[in-house]
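Atoms within each ligand, like the ligands themselves, are counted from 1 in listed order. Note that the numbering runs from 1 along the sequence shown for the chain. Just so you know, these numbers come straight off a predicted model, no measurement behind them.
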Amino acid sequence: MLYRQLGRTGWKVSEISFGAWGIGSAWGKVDDRESLAALHRALDLGVNLIDTADVYGMGHSERLIARLKKERRETIYVTTKAGRRLSPHTADGYNRENLTRFIEDSLRNLETDCLDLVQLHCPAPEVYYRPEVFGVLDDLAKAGKIRYYGVSVEKVEEALKAIEFPGVQTIQIIFNMFRVRPAELFFPEAQRRQVGILARVPLASGMLAGKMSRESVFAADDHRNFNRHGEIFDVGETFSGVDFETALAAVEQLRALVPPGATLAQLALRWILMFDAVTCAIPGAKRPSQVEENARASDLPLLSGAQMGKVREVYDTRIRKLVHQRW
Ligand SMILES: NC(=O)c1ccc[n+]([C@@H]2O[C@H](COP(=O)([O-])OP(=O)(O)OC[C@H]3O[C@@H](n4cnc5c(N)ncnc54)[C@H](OP(=O)(O)O)[C@@H]3O)[C@@H](O)[C@H]2O)c1
């Protein structure tokens with residue numbers, strides 16, 4: 001496992017880290033023993049950052065991580081999120097009282113006195129025009145409740161706006177072979193400001209692992225079933241906003257580019273790591289075997305210019321028109 005500096009935090013984090021949404025909720029049935037085994041395996045393989053949120057299983061994901069931390073001695077950086085428990089989810093909800101309450105809940109769930117890093121959880125765009133929200137986060141940092149903060153965003157423009165706030169240490173954004181626009185304007189600007197980047201949904205919700213087919217069925221409580229058309233949250237969070245049929249056809253083309261001895265999931269993760277601006281990819285995983293496959297992407301040789309060009313060709317011909325200007 002290789003490590004990269006996370007912005008200005010001074011932390012060196014594993015370039016393949018762990019996304020803990022799936023072990024909390026919205027991804028069908030999960031077994032806590034299996035989830036904990038996956039987390040342990042990740043640490044065994046050098047993963048030292050786990051991304052979660054208060055809303056993943058309403059604290060369940062955070063509580064599993066607290067259990068893990070009790071069972072291990074290594075330094076583990078936990079990046080959590082706040083805001084998505086608001087109902088309705090509005091900019092007005094991102095106020096001092098609510099943010100303080102959310103952070104107190106995460107502190108309890110994670111069984112700690114100070115959160116490593118809290119991200120606003122894809123807030124409404126209006127939040128970026130309310131410096132007082134970021135002022136509340138500064139105050140929570142001064143009070144020792146949080147060490148650092150960042151923002152998880154849906155769109156490139158939100159990312160660019162968010163990093164204007166000097167206290168923002170990280171941006172979490174969808175970046176994968178189906179979502180390349182962040183690399184154009186946002187990455188250079190984030191690098192200039194030394195802002196860390198967590199590349200989320202790196203496997204396009206598992207699609208880029210290449211194991212899906214027209215016959216794939218998802219449980220009723222899996223967002224790949226209930227949010228296929230953006231029914232509950234942003235459609236971009238499910239298969240990166242690419243319709244299932246188009247995604248399957250693109251995957252068939254990408255499969256031809258997998259280096260010998262590697263898998264499509266590893267190619268997808270290696271592709272993300274080719275961008276220096278990215279601090280880490282945070283693939284979700286529910287089982288130790290997935291963690292193992294994903295962690296090995298860090299050991300893969302660099303992709304050649306020709307390989308990068310071919311991935312780009314698949315994006316340009318099949319995916320671009322569906323996503324490029326939308327996020
Ligand atoms: N708004 C936000 O801030 C937000 C939104 C989304 C995600 N996130 C964060 O980003 C993380 C990653 O995104 P994500 O979990 O949505 O999507 P992802 O990482 O693209 O896909 C994860 C899913 O892919 C499958 N998978 C993983 N590794 C695999 C492998 N090697 N082979 C086959 N299948 C594999 C697993 O599901 P199956 O085994 O069921 O197929 C897994 O749950 C989340 O866990 C969360 O921490 C944040």
Nearest candidate to atom 9 (C) of ligand 1, where distance is taken over non-hydrogen atoms, out of Glu292, Gln172, Gln266:
Gln172
Using distance alone, determine whether His223 and ligand 1 share an N or O pair under 3.5 Å.
no
Heteroatom proximity flag, Ala204 to ligand 1, N/O under 3.5 Å:
yes
If you scan protein heavy atoms around atom 14 (P) of ligand 1, the nearest is Trp27 CZ2, 3.6 Å
Apply the test side-chain contact (heavy atoms from CB on, under 4.5 Å) to residues Trp327 and Val156: give CA-CA distance (whole Å), side-chain angles for both, the deciding distance (0.1 Å), then the verdict.
CA-CA 6 Å; Trp327 288 280; Val156 166; over 6 Å; no
Short N-O contact, Lys155 and Glu158, less than 4.0 angstrom
no
Polar atom proximity, Gly22 to ligand 1 (N or O, under 3.5 Å)
no
Pull out every atom of ligand 1 sitting under 4.0 Å from any heavy atom of Gly19, numbered as shown with elements.
11 (C), 44 (C), 45 (O), 47 (O)
Measure from NZ or CZ of Arg85 to the centre of the six-membered ring of Phe102, then state whether that distance is under 6.0 Å and the direction lies within 45° of the axis.
no
Under 3.5 Å between some N or O of ligand 1 and some N or O of Glu154?
no
Ligand-residue contact atoms, ligand 1 with Lys286, heavy atoms, under 4.0 Å:
38 (P), 40 (O)
Nearest heavy-atom approach of Leu248 to Ser213 is CD1-C, 3.7 Å
Checking heavy atoms under 4.0 Å, the part of Arg84 that sits near ligand 1 is neither
From Arg224, Arg200, Met212, Lys29 - option closest to atom 41 (O) of ligand 1 by heavy atom
Arg224
